[in-house]
Every structure is written in C-alpha cells, then in structure tokens.
Colleague: 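So that we are looking at the same thing, I have put the structure below in structure tokens.
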Amino acid sequence: MRFGIVQFPGSNCDNDALYATSANLGAQSQFLWHKDTSIPSDIDCVVLPGGFSYGDYLRSGAIARFSPIMREVISFAHRGGYVIGICNGFQVLTESGLLPGALARNSGQLFSCKTVHLKTINNETAFSSAYSIAEVISLPIAHGEGSYFADEETIEELEARKQVVFRYCDSLGAVTIESNPNGSIHNIAGVVNRKGNVFGLMPHPERVCDSHLGNSDGLGVFRSVMDTVSLVIA
Amino acid sequence: VELTVNARNKDEAREIVKDACDKLICNPIMEDYGVTLEEIG
C-alpha cells in the first residue's frame, strides 16, 4: 500500500499526512510535487492535504485545480484510483469537479479552529470502513471556507446514494444546528463521489493519528483505505 | 475583480471576460457574476 501526498505551494499539512500514513499507519508514503506530470504506477491512494494552495488566491482551490498534478489526479480518479482531499484538498476536489458541491465561507464569516465531533453516517466506503455506523469521532477543524453547499437536487442525490460519510454532531452523536461549526447543509462534513473512490473531508484526520497526541480517531480514515486496497489486491 | 483585456470591440471583450469567469473566476455553484465594460486607452 502506497500513498502519494501532493505538495502544492501553500500546502501545510503535507508532512502531517506523510507521517500519519507512514509512521502511524505503517504504509509506504511519498510526496508528489504539484508540477509532476505523472503519478507513479505503484501509488494506490493520492492525498490532497490541507493548507492554502497557491495562497488560495481568487477562491480556495481554484488555482490548484489547474496545476499539472491535478490533470494526473483527475485521470487517476477516473481510472478508479483512491483520492482523499482534506480541508483545502476537499476544496480542490470540488473545484476540479471530482466531487459535487462547493465549500463556501463559514456561516459565521470567521476562520474556525477547534475540535469537533463527527458522526459516521456511512461505514461502507473505502474511507470509513474502520469505523462503526453512528460512531462518534473527534477531529480538529481549521478553515474559513468549509460550509458545504450544493443545490437541492444534488443534496437529495447525495443523501439517497449514501454519499454523505460524516456529519458534524455533538459529543453524544446528535446532529444539531449548534454542533455545525460552519453552516454546512445537513451538517455535512465529508462526502464520497458516486463511484466511491474519491473522498473529501473538511476536518483533519491526519492531525489525530498518534496516541501520543491523546487522540488517534483520524487513523481510521487511512486504515479504511489500506484495508480496502488490501482486499482488492488479495 | 477588474480585468484589462485587448479586444477589437465590446462584444469580443465581453466574450473574453465571460470565458474567464466561466472557467476560473466564478464558481457557478455558489457564485454569480455580471460584467461591466469600460473602454480605456
């Protein structure tokens, strides 16, 4: 199992993602440069990490979408390769059209940096199979544009096809307005594409993968991918 | 957003700006845009 962590100018969670997937998970992991025009054939999962790609000029993820590596990531995803976009990476995935919807400015208009609770809505995806259904996990958020938005028809389709993987909730798992940190529709924190191989999540699982930090709830995201790839290979 | 474009006439200028908005400047899922043209030079 090998992860490829994309480094854009302005990425700042790339080392966290590399450490989480290698030191914490025990998988092989390497960086992919934003100017790269190919993805090594042994990469099983590409991670678009958090940060401020290209300074988030114009709109979060809008410039990164046109980077050389994204042409390859889009092609990789279309061939069935696994892709995870975290925070800014999620924004890049929606801007690229690999995931539906968009990430708008937080409802409070402020950058939000804190730990939130997520409820596992669908544990039958390649990115959430390590969790139990309705399991509540704690992950940090750090974003100003994390309010998931899509038109009514798209939201209905996401819900009907069980593409919503995680929702913001309180510590007991209740999905409430108060537990929604950014105004996301239906408290959506993470979605998967229709094919099930591209996943976007606003909170940061890679920052809570080490028990020495007092929380390793995020490791399940990467473990799920590793388990899925292992099954496919076996 | 202010753009300066080279065009032979207003229609061409509007098309260039519209193309830039559709491809990059605007995300139609959550944004809308209008174009106001001003001739310079």
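We name chains A, B, ... by the order of the sequence lines, and we start the count at 1 in each one. Bear in mind that the values here come from a model prediction, so they are computed numbers and not experimental data.
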Colleague: Grab the two heavy atoms, one from A:G101 and one from B:I29, that are nearest each other, plus how far apart they are.
Modeller: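 Shortest heavy-atom contact: O-CD1, 3.4 Å.
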Colleague: Is there a side-chain contact (heavy atoms from CB on, under 4.5 Å) between B:M30 and A:R59? Walk through the geometry before answering.
Modeller: CA-CA 11 Å; B:M30 58 178 177; A:R59 192 174 56 251; 3.7 Å; yes
Colleague: With rounding to the nearest 0.5 Å, note down the distance linking CG in B:L24 to CG in A:L58.
Modeller: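 Interatomic distance, B:L24 CG to A:L58 CG, rounded to 0.5 Å: 5.0 Å.
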Colleague: Surrounding NZ of B:K23 (heavy atoms of other residues, nucleotides or ligands, distance under 6.0 Å), is the total greater than 12?
Modeller: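 12 or below, so no.
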Colleague: For A:F66, is the CZ atom crowded, meaning more than 12 foreign heavy atoms sit under 6.0 Å from it?
Modeller: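 For A:F66, atom CZ is crowded (more than 12 foreign heavy atoms under 6.0 Å).
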Colleague: Please check if atom CD in A:Q109 has more than 12 non-hydrogen atoms from other residues, nucleotides or ligands closer than 6.0 Å.
Modeller: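 Above 12, so yes.
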Colleague: Nearest 0.5 angstrom please: B:N27 CG to A:R65 CZ, how far?
Modeller: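 Spacing of CG (B:N27) from CZ (A:R65) equals 8.5 Å.
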Colleague: Is A:E124 atom CD crowded by more than 12 heavy atoms from other residues, nucleotides or ligands, each under 6.0 Å away?
Modeller: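 Count not over threshold, so no.
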